[in-house]
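Throughout, protein chains are lettered first and strands after them, A, B, ... in sequence-line order, and every chain is numbered starting at 1. All values derive from a computational prediction rather than experimental measurement.
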There are 2 protein chains.
Amino acid sequence: MSITIKRLAQELNLSVSTISKALTDSHEISAETKQRVIQKAQELNYKPNPYASSLRGRKSKTIAVVLPEIADSFFSLAINGIEEAASEKGYHVLIYLTHESFLKEEAMLKDFQNGRVDGILISVSRETAGSTHIQEVIDRGIPVVFFDRIREDVSTAKFTTNDYESSYNATLHLLEKGCRNLSFLCISRDLLISNSRIQGYQQALKDKNMPEAETAVINCTNNAEENYRMIKALLSGKQRPDGIIASVEKLTNPVYLACQELQLRIPQDVKVLSFSNLETAPLLNPALTTVTQPAFDMGKAAANLLLKCLQKKHSILGKDTQVIPSTLIVRQSTV
Amino acid sequence: MSITIKRLAQELNLSVSTISKALTDSHEISAETKQRVIQKAQELNYKPNPYASSLRGRKSKTIAVVLPEIADSFFSLAINGIEEAASEKGYHVLIYLTHESFLKEEAMLKDFQNGRVDGILISVSRETAGSTHIQEVIDRGIPVVFFDRIREDVSTAKFTTNDYESSYNATLHLLEKGCRNLSFLCISRDLLISNSRIQGYQQALKDKNMPEAETAVINCTNNAEENYRMIKALLSGKQRPDGIIASVEKLTNPVYLACQELQLRIPQDVKVLSFSNLETAPLLNPALTTVTQPAFDMGKAAANLLLKCLQKKHSILGKDTQVIPSTLIVRQSTV
DNA sequence: TTTATTTACGAAATCGTTTTCGCATTACTG
DNA sequence: CAGTAATGCGAAAACGATTTCGTAAATAAA
């Protein structure tokens, strides 16, 4: 059995309420009594029961982080930032993975309506095309902050990177390096982040008066083997692109592997550029040109905003989107 | 305000206890009443307050995962496995990162003494040299399962991989490929996992009658720049090794970078082998030979055991260590 | 000295569930 | 038909902390 306040009260011949007040340093309690209580609490190794506190105080000092996956440097780094921000302020972090399933995401958000968490950080799944499940928890008074994979139709704070611009610049870069037939690999048509990148890509093509190839935008799936087949087909087709932009990190591997298998040289035959936070990008064969996202910073900033909101009384999150820029790092795969 | 049982009771002209029993499908309640209650609950979108339940039932359906870091494929994959196991059984996962600090780890475990979590999965920090902080939570009745970075002096369940054997085999592999002057990069002398790998390495050297070089075992730190300097010094010294074993994933980057900078060719000048779960290992320049650990499986197995223990009444965890083997995958960096 | 005010503490309600009793009905048994 | 057993529900006591309110004593103000 754990030590409770009641037990402390007995030991010290004080009332339960006095103990509680003493431990929260209330002005109602004399310095001397506080001393005695604190000492005894340490002596008995008293730890307040968080569930009792949460029940009474209707706040849990816990936030939820909802992510599509974790085996992606971006999300790992983001969690790192989130955990750092949370632990600094004494908050706890619950992790939930949707594995890109909207149904799972929906079920999780439903579960959050019960008050398990004080707030939510979310990066939606690739299948997420609507927002009612998110709006519902917000309506229940639980603040939500988006990061990276945001949804614009929800009026709350969002952290993102300059997807359109980075993609535009990445495309320009490939064009400057001589590509005339680009392909763009995306993972969803529902994600804003994905669409912004597509649009940046397309706008750059347009601005440079490049015709879009048939192969221009490839919709990848959530199935790694399938993606690999598609990419291999793309690279062995007649219209074989001379440049590929992978809009997410996990599409890098199949591209490189397909090139190896097809004996295509990077960058001579195909230039490759990826949105990625892989630490090993400079070590790849050849070193990979990346659009590197501010993963850690986005996670930390999003968490900090959410926590600030939680710590105030009735503060409501702004609905503005904060943009933290990505960096294009040119390496050999596009030279 | 949230919908509570009391509210349901009012709406249906029933007592609070009846509602509760109906919702838990108690035999005391008639089928008809159950139907009414369930229907009303859905209608009002009733969600039981988890903190009230936890307080009453003294279990939280939550486990803690304590890790040194997350920007490491091994731990990302392990979390993946853990989350999968937990969500299957309706458990929630709290994530805590020690950043290799023993003090943080200790503080976290102290915090767990209050009943926030029903059980703990832990991979200890590189600084962790004692176990009293872990033994204390166990003594408080909170089960702990180790994975990967285990401590043998705690009598509880542990999941690990065949570190000694993998390291032994990895070393043999390098010797077979002609190396005569190996170096081994480790991160801690306190971690069993690290020591096992060192011992496997040393035993292989001994079995093959190889003298240990001066440079044999290098203690790396938690500081990336410092490690880089050390590795560079190692590779530019007189006793330059012709083979390097990096005992953790994050030491791969500095080795490759140092080789690049020093214009050393892998594998001709130096062969490189790493304990790593990097998906990009086959894409590196050159492709990296790895000892690949069963990260996902270890995470999932450890979580499943912990959860099974939590779901039984008074079950106590065995103290035996389960070993899930790693795989040596030979690639060009050691050919 | 009397009244007002502070100081220091305790009793009890509360948060929302779960669970143990107890108490009526109704159904069954001998 | 008396007595036992099952059925269906409600009252109330937990779980452990916080908070409001009350009150006695001590101090200050009149």
**Prompt:** Between B:Arg126 and B:Glu69, is the closest basic N to carboxylate O distance under 4.0 Å?
**Reply:** no
**Message:** What is the separation between atom CG on B:Leu55 and atom P on D:dA13, rounded to the nearest whole Å?
**Reply:** 17 Å
**Message:** Between B:Glu88 and B:Lys300, does any side-chain N to carboxylate O distance fall below 4.0 Å?
**Reply:** yes
**Request:** Ignoring backbone atoms, test whether B:Tyr51 places a side-chain nitrogen or oxygen under 4.0 Å from the OP1 or OP2 oxygen of C:dT18.
**Result:** no
**Request:** Pick base, sugar-phosphate or nothing for B:Lys59, based on heavy-atom distances below 4.0 Å to the nucleic acid.
**Result:** nothing
**Item:** Short N-O contact, A:Glu11 and A:Arg7, less than 4.0 angstrom
**Value:** yes
**Asked** What is the distance from NZ of B:Lys6 to C1' of C:dT18, rounded to the nearest Å?
**Response** 14 Å
**Asked** Out of A:Lys104, A:Arg116, A:Arg140, which residue meets the salt bridge (charged side-chain N to carboxylate O under 4.0 Å, His left out) rule with A:Asp111?
**Response** A:Arg116
**Prompt:** What pairs meet the ring-ring contact (aromatic ring centres under 6.0 Å, His included) rule with one or both residues in residues 55-80 of chain B, with sequence neighbours excluded?
**Reply:** none
**Message:** Could you tell me how far apart A:Asn49 (CG) and C:dG16 (P) are, to the nearest whole angstrom?
**Reply:** 16 Å
**Asked** Rounded to whole angstrom units, what separation is found between the CD atom of B:Gln10 and the P atom of C:dG16?
**Response** 12 Å
**Message:** In this structure, how many angstroms lie between the P atom of C:dT19 and the CD1 atom of B:Ile5, rounded?
**Reply:** 11 Å
**Asked** Does the side chain of B:Thr4 come within less than 4.5 Å of B:Asn49's, by heavy atoms?
**Response** no
**Request:** Could you tell me, to 10°, how much the axis swings from one end of the helix from C:dT1-D:dA30 to C:dG30-D:dC1 to the other, five pairs per end?
**Result:** 50°
**Item:** Letter per nucleotide, 5' to 3', of nucleotides 8-14 of chain C [B base touched, S only sugar-phosphate touched, - untouched; heavy atoms, 4.0 Å]
**Value:** BBBBBBB
**Prompt:** In whole angstrom, what separates B:Leu23's CG from C:dT19's P?
**Reply:** 13 Å
**Touch class at under 4.0 angstrom, heavy-atom based, for B:Ser20 against every strand present** = base
**Request:** With sequence neighbours excluded, give me every ring-ring contact (aromatic ring centres under 6.0 Å, His included) pair touching residues 105-145 of chain A.
**Result:** A:Tyr96-A:Phe112, A:Phe102-A:His133
**Residue pairs fulfilling ring-ring contact (aromatic ring centres under 6.0 Å, His included) with at least one residue in residues 14-72 of chain A, sequence neighbours excluded** = A:Tyr51-B:Tyr51
**Fill in**
Rounded to whole Å, CG of B:Asp25 lies from C1' of D:dG8 at a distance of 15 Å
**Message:** Can you measure B:Leu12 atom CG to D:dG10 atom C1' for me and round it to whole angstrom units?
**Reply:** 15 Å
**Item:** B:Arg58 vs C:dT18: side-chain N/O to OP1/OP2 distance below 4.0 Å
**Value:** no
**Message:** Which residues pass the side-chain hydrogen bond (donor to acceptor under 3.5 Å, both in side chains) test with A:Lys21, not counting sequence neighbours?
**Reply:** A:Glu28
